[in-house]
S.K.: 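Okay, here's the structure, questions in a sec.
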Amino acid sequence: MNIALLGFGTVGSHFYKMAQEHSELNISAVLSRRPRPELACTVTADFDEIVRDGSIDTVVEVIGGVEPAYSYITAAMRAGKHVVTANKQLMCAHYEDLLSLAKECGVRLRCTAAAGGGIPWLTSLARVEKMDEIDAVEGILNGTTNFMLSAMTANGADYGAVLREAQALGYAEADPTADVEGLDARRKLVLSANLAFGVSVQEADIPCVGISHITAADIDKAKEWGYTFKLIARAERAQRAGAVAAFVCPTLFPVSAPEAHTDGTGNLVSLYARRIGKQSFSGAGAGGFPTASNVLADCFAVMAGCESYYTDKAAPCAVDNSTAASRWLFRRNGQYEFAECSAEEAFARCDADLQSDPCALLARVADTDQKEE
Ligand code: HSE
């Protein structure tokens, strides 16, 4: 396989190192704005040079963001090159058109590293979806916020200090808003729900609350109640046909739950399928080598001749949270209140609370008795 690697940041440089150990993977070009004399391949800042190079059969995109990544990978597919990407933002923004373009061009498109870091999560969903009906997917899908919440829970660490540490370690996105406000977890949820249910959900339709309003006092209060905060992304089949329920929000887990013991950049994500029951996957959700390992695995899958994408099914699908009932915690003006209601009502109440208290908090209480039918 002759690869052009687009981007040489944390994931790109680790992928480069790992690929050197496999003689069947030849990185023949790296797209980089900076000269990289240490690399033993062509280094160019001109993507057209890569598209025109007929010897390159696969483009690995780890630049992130929608543009120029979208222009690059669509041009690569049109030129008959397979694409492996770790870019959840791009995959969410252009899900349907990228899937159809891969099919139309007869090339393969893989994005396993886009959700779950080094965990083979998307590949497991694709595998289960072929033999069973998946009812729900749920889990910790953002390493940065899990790292931050774990440190804040373990030693009362300060929010700003742990965020800076997560950035220095290369876990957080360049703009950490995507991590702390739950947008990164939401993108990973979109890809997960799309594969699990054979649909195409719009990111903007999914209500999302991140961790930026969680204070040390909230964490202490949760401990008093016997709970630990985790940022959870969840999608389930809605009662209304053709819709899914989906949301991202802080969630309170009893300290005995496996999620409460998923620390650092760990991710823990589960699927609930009708015949198979519950399957959970855990491991490093961020970081150079874990994420690069899924990029590498995708290259092997492309070489092995996998289908154009994990699934052909991408029916446009609405988000309907009106029947997703739970127990919720609301904090407004320093007052805590638990209430049972649908996710639709809970997020609407949180929006209203934020009008009078810009620091208001919403958290879901985990349903740890969830059926494993
Ligand atoms: N910023 C992301 C995270 C990187 O913390 O999970 C991996 O997708």
S.K.: For Ser100 and Asp97, what are the C-alpha separation, side-chain angles and deciding distance, and is it a side-chain hydrogen bond (donor to acceptor under 3.5 Å, both in side chains)?
M.R.: CA-CA 5 Å; Ser100 5; Asp97 70 281; over 6 Å; no
S.K.: In terms of side-chain geometry, is the basic nitrogen of Arg349 or Glu337 positioned less than 4.0 Å from the acidic oxygen of its partner?
M.R.: yes
S.K.: Would Arg327 pass as a cation-pi partner of Phe338, given that its NZ or CZ must be under 6.0 Å from the six-membered ring centre and within 45 degrees of the axis?
M.R.: yes
S.K.: If you compare all heavy atoms of Cys208 against all heavy atoms of Arg186, which two are closest, and at what distance to 0.1 Å?
M.R.: CB-NH1, 3.9 Å
S.K.: Checking Asp353 side chain against Phe330 main chain: does a donor-acceptor pair fall under 3.5 Å?
M.R.: no
S.K.: Check the orientation of His94 and Tyr70. Use parallel for under 30°, tilted for 30 to 60°, and perpendicular for over 60°.
M.R.: parallel
S.K.: Is Trp328 reaching over with its side chain to a backbone N or O of Cys341, donor-acceptor style, under 3.5 angstrom?
M.R.: yes
S.K.: Tell me the closest heavy-atom pair linking Ser356 and Asn333, and the distance in Å.
M.R.: O-OD1, 4.0 Å
S.K.: Regarding Arg108 and Glu307, does a basic nitrogen lie under 4.0 Å from an acidic carboxylate oxygen?
M.R.: no
S.K.: Looking at residues at least two apart in the chain, or sitting in another chain, which of them share a side chain to side chain donor-acceptor pair (under 3.5 Å) with Glu345?
M.R.: Ser342
S.K.: Going hydrophobic residue to hydrophobic residue with side-chain gaps under 4.5 angstrom, can you get from Val209 over to Phe229?
M.R.: no
S.K.: Set out, in order, the CA-CA distance, both residues' side-chain angles and the distance that settles side-chain hydrogen bond (donor to acceptor under 3.5 Å, both in side chains) for Thr177 and Asp175, then state yes or no.
M.R.: CA-CA 5 Å; Thr177 313; Asp175 175 0; 2.6 Å; yes
S.K.: Can you hop from Phe15 to Leu109 via hydrophobic side chains spaced under 4.5 Å?
M.R.: no
S.K.: Could you tell me whether a side-chain N or O of Asn2 sits under 3.5 Å from a main-chain N or O of Ser55, the two making a donor and an acceptor?
M.R.: yes
S.K.: Quickly, which of Leu271, Leu191, Thr112 forms a side chain to side chain contact (heavy atoms under 4.5 Å, CB included) with Trp121? Name it, please.
M.R.: Leu271
S.K.: Is it true that atom NZ of Lys313 has more than 12 heavy atoms of other residues, nucleotides or ligands lying nearer than 6.0 Å?
M.R.: no
S.K.: Kindly say whether Thr215 contributes a backbone atom to a donor-acceptor pair with the side chain of Asp218 at under 3.5 angstrom?
M.R.: yes
S.K.: For Gln20, I'd like to know if atom CD has over 12 heavy atoms of other residues, nucleotides or ligands within 6.0 Å.
M.R.: yes
S.K.: Sort out for me which residue in Val199, Leu195, Val201, Asn194 forms a side chain to side chain contact (heavy atoms under 4.5 Å, CB included) with Phe197.
M.R.: Val199
S.K.: Can you name the nearest heavy-atom pair linking Leu141 to Gly116, along with the distance?
M.R.: CD2-N, 4.2 Å
S.K.: Would you list the atom pairs, donor with acceptor, under 3.5 Å between side chains in residues 60-67 and any protein atom, with sequence neighbours excluded?
M.R.:
residue : atom : partner : partner atom : Å
Glu61   : OE1  : Thr85   : OG1          : 2.6
Glu61   : OE1  : Asn87   : ND2          : 3.3
Glu61   : OE2  : Ile63   : N            : 2.7
Glu61   : OE2  : Gly64   : N            : 3.0
Glu61   : OE2  : Asn87   : ND2          : 3.4
Glu67   : OE1  : Ser71   : N            : 3.4
Glu67   : OE1  : Ser71   : OG           : 2.7
Glu67   : OE2  : Ser71   : OG           : 3.1

S.K.: One thing to verify: whether Arg240 and Asp320 come together as a salt bridge, which I'm taking to mean a side-chain N less than 4.0 angstrom from a carboxylate O.
M.R.: yes
S.K.: Quick one: closest heavy-atom pair of Tyr310 and Ala126, and the distance?
M.R.: CB-CB, 3.9 Å
S.K.: Report yes or no: does Gln335 contribute a side-chain atom to a donor-acceptor pair with the main-chain N or O of Arg331 at less than 3.5 Å?
M.R.: no
S.K.: Same cluster for Leu90 and Phe8 if Ile/Leu/Val/Met/Phe/Trp/Tyr side chains link at under 4.5 Å?
M.R.: no
S.K.: Hey, can you pull the donor-acceptor pairs under 3.5 Å for the side chains in residues 33-41, sequence neighbours left out?
M.R.:
residue : atom : partner : partner atom : Å
Arg36   : NE   : Ser32   : OG           : 3.1

S.K.: Quick one: do the Ser326 and Glu340 side chains pair a donor with an acceptor below 3.5 Å?
M.R.: no
S.K.: Looking at Ile276, is its backbone amide N or carbonyl O close enough to the side chain of Asp132 to form a donor-acceptor pair, meaning the two atoms are under 3.5 Å apart?
M.R.: yes
S.K.: Measure the shortest side-chain to side-chain distance between His22 and Leu296 over non-hydrogen atoms and say whether it is less than 4.5 angstrom.
M.R.: yes
S.K.: Please say yes or no: joined through hydrophobic side-chain contacts below 4.5 Å, possibly via intermediate residues, are Val84 and Leu98 part of one cluster?
M.R.: no
S.K.: Is Leu361 linked to Ile211 within one hydrophobic cluster, defined over Ile, Leu, Val, Met, Phe, Trp and Tyr using a side-chain heavy-atom separation of less than 4.5 Å?
M.R.: yes
S.K.: Checking Ser150 side chain against Gly264 main chain: does a donor-acceptor pair fall under 3.5 Å?
M.R.: yes
S.K.: Let me see the working for Asp46 and Thr44 under side-chain hydrogen bond (donor to acceptor under 3.5 Å, both in side chains), right down to the final yes or no.
M.R.: CA-CA 5 Å; Asp46 179 8; Thr44 176; 5.2 Å; no
S.K.: Are Ser200 and Glu96 close enough, and set up right, to give a side-chain hydrogen bond (donor to acceptor under 3.5 Å, both in side chains), and what steps lead you there?
M.R.: CA-CA 7 Å; Ser200 174; Glu96 289 164 54; 2.7 Å; yes
